[in-house]
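The structure appears right after this line, and notes come after that.
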Amino acid sequence: MDLERLSEEQLNQELEQLSNWKRVDEKWLRRRYKFKDYLNGVEFVRKVAEYAESQNHHPNIAIDYKVVTLKISSWEMQGITDLDIEMVKRFDELYEEQEK
């Protein structure tokens with residue numbers, strides 16, 4: 001897949017749709033997910049990891065008891081790409097499916 005870094009305008013438009021995601025240090029997207037219990041968060045991380053592996057594009061993951069933080073960027077593009085946006089949308093879907 002050819003990665004293209006998003007322009008400021010494209011990124012701002014995407015972030016308007018992704019209200020829970022924040023831009024950090026110019027080139028990262030970050031979101032914190034809250035869970036009912038620790039094991040729900042761990043199960044979410046397993047699903048995120050499987051999806052990330054299938055895409056060969058991996059977020060940074062931190063588990064802090066009932067809060068999971070994901071951070072993603074495209075290293076080779078030194079910023080945020082359409083692949084990052086596609087992936088964060090899928091992470092949100094995985095969260096919604098699990099927390100129903």
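By the criterion of side-chain heavy atoms lying less than 4.5 angstrom apart, applied directly or through intervening Ile, Leu, Val, Met, Phe, Trp or Tyr residues, Y65 is grouped together with V45 in one hydrophobic cluster. Hydrophobic clustering, with ILVMFWY side chains joined whenever heavy atoms are under 4.5 angstrom apart, groups L39 together with I61. Under the 4.5 Å side-chain heavy-atom criterion for ILVMFWY residues, no single connected hydrophobic cluster contains both W21 and V24. When hydrophobic clusters are built by joining Ile, Leu, Val, Met, Phe, Trp and Tyr residues whose side-chain heavy atoms come closer than 4.5 Å, directly or via intermediates, Y33 is grouped together with V42.
In terms of heavy atoms, K47 sits closest to Q98 at NZ-OE1, 3.4 Å. Shown here for R90 and E97, the closest heavy-atom pair between the two residues is NH1-OE2, 3.3 Å. Residues S74 and T81 share a closest heavy-atom pair of OG-OG1, 2.9 Å. The two atoms that bring L94 and Y51 nearest to each other are CD1-CB, 4.4 Å, heavy atoms only.
Residue L6 holds its CG atom at 10.0 Å from CG of N12, rounded to the nearest 0.5 Å. How far CD of Q10 is from CD1 of I80: 11.5 Å, rounded to the nearest 0.5 Å. Separation of atoms NZ (K27) and CG (L11) is listed at 14.0 Å; rounding is to 0.5 Å. Here OG of S73 is found 11.0 Å from CG of L83. Values are rounded to the nearest 0.5 Å. Once rounded to the nearest 0.5 Å, the distance linking CD of E50 with CZ of R46 reads 4.5 Å. How far NZ of K71 is from CG of L29: 10.5 Å, rounded to the nearest 0.5 Å.
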Original post:
Between H58 and E53, is a side chain to side chain contact (heavy atoms under 4.5 Å, CB included) present by the stated rule, with each step listed?
Top reply: CA-CA 7 Å; H58 305 85; E53 190 68 13; 2.8 Å; yes

Original post:
Do K36 and E99 pass the side chain to side chain contact (heavy atoms under 4.5 Å, CB included) test, and can you show the C-alpha distance, the side-chain angles, and the key distance before you say yes or no?
Top reply: CA-CA 8 Å; K36 296 172 194 142; E99 287 300 287; 3.8 Å; yes

**OP:** For side chain to side chain contact (heavy atoms under 4.5 Å, CB included), just list the numbers for I63 and Y38, CA-CA rounded to whole Å, side-chain angles, deciding distance to a tenth of an Å, and then say yes or no.
**Re:** CA-CA 9 Å; I63 302 172; Y38 177 74; 3.9 Å; yes

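In this structure, D84 and H57 have side chains that are in contact, with non-hydrogen atoms separated by less than 4.5 Å. With a 4.5 Å cut-off on side-chain heavy atoms, L15 and R23 count as touching. Put simply, the side chain of D92 reaches to within 4.5 Å of the side chain of R31, judged on heavy atoms. Two residues are said to be in side-chain contact when any heavy atoms from C-beta on lie closer than 4.5 Å; L70 and V48 meet this criterion.
Under a cut-off of 6.0 angstrom, the local environment of CD in E76 is crowded, with over 12 non-hydrogen atoms contributed by other residues, nucleotides or ligands.
Salt bridge absent: K89 and E86 never bring a charged side-chain N and a carboxylate O closer than 4.0 Å.
Checked by atom type and distance alone, the side chain of R30 never pairs as donor or acceptor with a backbone atom of T69 at under 3.5 Å.
Between F44 and F91, a ring centre-to-centre spacing not shorter than 6.0 Å is recorded.
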